[in-house]
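Taking it in order: structure first as structure tokens, then the write-up.
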Amino acid sequence: MYDLAFVRGNLPLVEERLGRRGIDPSLLRGFSTLDAERRSAITEAETLKAQRNALSAEFGRLKREGADTSLIAAQTSALKEKTEQLEALAAQADQKLRTLLESLPNLPHPSVPVGASEHENICQKTWGEIPNFDFPARPHWEIGEQLGILDFERAAKISGARFVLQLGSGARLERALANFMLDLHTQEHGYVEVLPPSLVNSCSLFGTGQLPKFAVDLFHCDDRGPYIPGELQESDHWLIPTAEVPVTNIFRDEAIDLSCGSISFTAYTPCFRSEAGSYGKDTRGMIRQHQFQKVELVKFTRPEDSYAEHEALTRHAETVLERLGLPYRRMLLCTGDMGFSSAKTYDLEVWLPGQQTYREISSCSNFESFQARRANIRYRPAGASKAEFVHTLNGSGLAIGRTYLAILENYQQADGSVRIPQALVPYMNGETVITRQSFGRAL
RNA sequence: GGAGAGAUGGCCGAGUGGCUUAAGGCGCACGCUUGGAAAGCGUGUAUACCGCAAGGUAUCCAGGGUUCGAAUCCCUGUCUCUCCGCCA
């Protein structure tokens, strides 16, 4: 969400930047009228209220003196009616204005290339050697199922499509990755580990920008009744689509201390996504699941630090891939491919030999003050009397499921076994290769 | 799930219909005092919105209601605490 006064004072700029995102600037056409309507209604209503307050004080004085008060009582009653009408008018205009502003995506940073789709993203770097196998590279679902560590059929029986059951060394690999990533970020990159709730209320989802527009992408619990579109509650429950939501909302409605620099959190959580609208896409394997686990990086920074922190955070995510020896490239997303709340995003894409393609494994964004304004997260700049909105950033560091399958595909061997990257061996209790294993399945 | 008690400024806490945006204390900031510090004394200390400004409006958990007038009375909701039940 943008600052009202900023939009008012910079309408052409806002329209131009929205245009870059492919948003029709005529959306803002009603802004000026609505803004004027709102302001005049507020001014009038407040003038009347001031009169009413003065009369009420007078009433109290007369009452104490035992004088007649019937005239003033009648006057205030009449004023009250008029005031209420004007207030309703102001509230209506305010609501419309708010709805308009809340529906607009963040303005792209000037360094973001203009483009309509992912095809216009810019590759900024590539890292690592693409493996050259002397046997046909297989996709992870074949590798995992043959090793007995991934079971998609039974997961479908238990829960339905887009779930996976991990077993034995396969389950352990997931845990090893989580621990490896958390240790790296806490011990070498200065993040504080947090373990947030996996269910959040709708106010939190509004704060990070998922609500009200993207409700269909989320799982909603009906323990407090159905979701009424647009209604924000503090007591309903949604499954988190990413740890970004609970972690960014840690400081919702607070003023935090950034005098010593940024605050950095890392969190390992499950993530739940409805994947509505992705029917038939990535149906095989564990690329696109209703549930996956992710280690997330979140930063709260002063505005002047946020772009340097964005580069740092992205490097932190890249370091995970480099330590694991997984080839990747860094893409600077164009305006048309960025998420709703982001001002600038880098995607990290890992090489998947089984599919001969790069796939997104991390998305690192600077939201500037967009989320902070929605979630009301502020800080007091040194020497300033007024609190300002912080900048928030986050990135996957990394999505575990996709890291997992990248390891299966990049470290596969001719005999179907999978080597464990050196950095993970200590987390695998010394295991260096995953070989075929069975767990009660008739072989 | 049942019963009860609460929610007031950065913090503690007073306040049961008008003189309360809110006593008092703590904290913090500035000044005086001091060789320096502490103590002491004094002054100040929320946010948002409207307004060119003077100033005004709103906010005592949230939303409704009663009233000429609500922090205060009524209703609903949320959260916290205590006890009981159930439970990893």
Side-chain angles (χ1 to χ4, degrees), chain A residues 1-9 31-98 101-102 195 197-207 221 223-228 230-238 246 249-259 270 369 372-390:
Chain A
M1 186 160 71
Y2 321 140
D3 177 53
L4 187 59
F6 176 81
V7 178
R8 191 181 294 146
F31 175 85
S32 298
T33 329
L34 227 43
D35 184 46
E37 256 176 47
R38 170 181 171 274
R39 290 207 279 174
S40 74
I42 287 177
T43 308
E44 266 188 80
E46 290 189 349
T47 309
L48 293 188
K49 269 196 265 186
Q51 286 175 25
R52 185 155 67 100
N53 286 345
L55 283 173
S56 278
E58 179 70 3
F59 184 102
R61 197 177 59 76
L62 292 177
K63 198 86 183 171
R64 259 174 278 127
E65 289 169 0
D68 176 46
T69 54
S70 53
L71 183 65
I72 290 185
Q75 283 177 323
T76 42
S77 292
L79 271 177
K80 189 184 180 183
E81 223 173 286
K82 267 193 238 167
T83 309
E84 276 172 358
Q85 285 168 9
L86 280 166
E87 275 188 320
L89 209 64
Q92 212 177 18
D94 190 73
Q95 189 52 48
K96 278 191 205 159
L97 204 57
R98 199 170 292 277
L101 290 182
E102 283 169 0
L195 202 163
S198 299
L199 298 184
V200 294
N201 58 35
S202 36
C203 287
S204 293
L205 285 159
F206 176 83
C221 306
D223 57 322
R224 300 296 170 107
Y227 171 59
I228 297 158
E231 191 169 291
L232 301 178
Q233 294 184 39
E234 284 189 347
S235 61
D236 57 348
H237 297 122
W238 302 72
N249 277 280
I250 287 175
F251 294 130
R252 171 151 56 87
D253 291 322
E254 290 189 40
I256 59 177
D257 181 9
L258 293 180
S259 57
S369 59
R373 194 166 272 118
R374 292 171 80 99
N376 188 27
I377 307 169
R378 294 173 302 161
Y379 80 110
R380 207 173 288 279
S385 61
K386 227 168 119 67
E388 303 270 351
F389 290 108
V390 305

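All values reported here derive from a predicted model rather than from experimental measurement. Below, chain A is the first sequence line, B the second, and so on; all start at residue 1.
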Collect all protein-nucleotide pairs involving nucleotides 49-54 of chain B in which both atoms are nitrogen or oxygen and the distance is under 3.5 Å.
from	atom 1	to	atom 2	distance (Å)
B:C49	O3'	A:R38	NH2	3.3
B:C50	OP1	A:R8	NH2	3.4
B:C50	OP1	A:R38	NH1	3.1
B:C50	O2'	A:T43	OG1	2.5
B:G51	OP1	A:R39	NH1	3.4
B:G51	OP2	A:R39	NH1	3.2

Please write out the pairs of protein N or O atoms and N or O atoms of nucleotides 1-3 of chain B separated by less than 3.5 Å, giving the distance to one decimal.
none

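Seen from the ring of A:F206, A:R374 counts as a face-on cation partner, given the 6.0 Å and 45° thresholds.
Look at CD on A:Q233: it is 15 Å from P on B:G63, rounded to the nearest Å. If you measure from atom NZ of A:K49 to atom P of B:G69, you get 13 Å, rounded to the nearest angstrom. Rounded to a whole Å, the CZ atom of A:F251 is 17 Å from the P atom of B:G10. The interatomic distance linking A:I228 (CD1) with B:G63 (P) rounds to 17 Å, in whole Å. As rounded to whole Å, 21 Å separates atom P of B:A7 from atom CG of A:D253. Atom CG in A:L62 sits roughly 14 Å away from atom P in B:C19 (whole-Å rounding). In this entry the distance linking CG of A:D236 with C1' of B:G77 reads 13 Å, nearest Å. Distance, A:E44 CD to B:A58 C1': 18 Å, rounded to whole Å.
The shortest heavy-atom contact between A:P381 and A:E388 is CG-CG, 3.4 Å. Closest approach of A:E87 to A:A45, counting heavy atoms only: CG-CB, 4.1 Å. In plain terms, the two heavy atoms of A:N376 and A:R378 that are nearest each other are OD1-NE, 3.4 Å. Contact between A:S369 and A:F389 at its shortest, heavy atoms only, is CB-CB, 4.0 Å.
Closest-nucleotide positions on RNA chain B for A:F59 and A:S235 were compared, and the one nearer the 5' end corresponds to A:F59. Nearer the 5' end of RNA chain B, as judged by each residue's closest nucleotide, is the contact made by A:A387, out of A:A54 and A:A387.
Within the 4.0 Å cut-off from OP1 or OP2 of B:C68, not a single side-chain nitrogen or oxygen of A:N53 is found. Dashed line: the shortest gap from a side-chain N or O of A:R224 to OP1 or OP2 of B:U78 is under 4.0 Å. Residue A:R52 places no side-chain N or O under 4.0 Å from the OP1 or OP2 atom of B:C68.
The CG atom of A:L79 sits 11.0 Å away from the CD atom of A:E84 when rounded to the nearest 0.5 Å. Remark: A:Y2 OH to A:L4 CG distance equals 13.0 Å, nearest 0.5 Å. For the atom pair A:T43 OG1 and A:R38 CZ, the distance stands at 9.5 Å (nearest 0.5 Å).
Rounded to whole Å, the separation between the P atoms of B:A7 and B:C87 comes to 34 Å. To the nearest whole angstrom, the two C1' atoms, one in B:A70 and one in B:G64, are 14 Å apart. B:U66 and B:U76 have their C1' atoms separated by 15 Å, given to the nearest Å. Straight-line distance between the P atoms of B:G77 and B:A3: roughly 13 Å, to the nearest whole Å. Spacing of P atoms, B:C41 relative to B:G24, comes out at 14 Å, to the nearest Å. B:A53 and B:U72 are spaced 36 Å apart, taking the C1' atom of each and rounding to whole Å. B:G18 and B:G69 have their C1' atoms separated by 7 Å, given to the nearest Å. For the P atoms, the distance from B:U8 to B:C60 is 12 Å, rounded to whole Å.
Under the 3.5 Å distance criterion, the side-chain polar atoms of A:D236 are matched with a main-chain donor or acceptor of A:S202.
The closest side-chain donor-acceptor pair between A:S204 and A:N201 falls under 3.5 angstrom.
Residues of residues 78-94 of chain A having a heavy atom closer than 4.0 Å to RNA chain B, listed by number: A:K80.
For A:K96 and A:E37, the salt-bridge test fails: no basic side-chain N is under 4.0 Å from an acidic carboxylate O.
For A:Y227, the ring-ring contact (aromatic ring centres under 6.0 Å, His included) partners are A:H220, A:W238, not counting sequence neighbours. Applying the side chain to side chain donor-acceptor pair (under 3.5 Å) rule to A:E234 yields no partners; only residues at least two apart in sequence or on another chain are considered.
Within 4.0 Å (heavy atoms only), A:S56 reaches at least one base atom of the nucleic acid.
The shortest side-chain heavy-atom distance between A:Q85 and A:L89 does not fall under the 4.5 Å cut-off. For the pair A:E58 and A:Q75, the minimum side-chain heavy-atom distance is 4.5 Å or more.
Within 6.0 Å of CD on A:E254 lie more than 12 heavy atoms contributed by other residues, nucleotides or ligands.
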request  = Could you provide the dot-bracket string of RNA chain B, using ( ) for intrastrand pairs, [ ] for crossing pairs and | for bases paired to another strand, with Watson-Crick or G-U pairs below 3.5 Å?
outcome  = ((((((((.[[[..)..(.....]]]((((((.......))))))(((((....))))).[[[[[..)....]]]]])))))))....
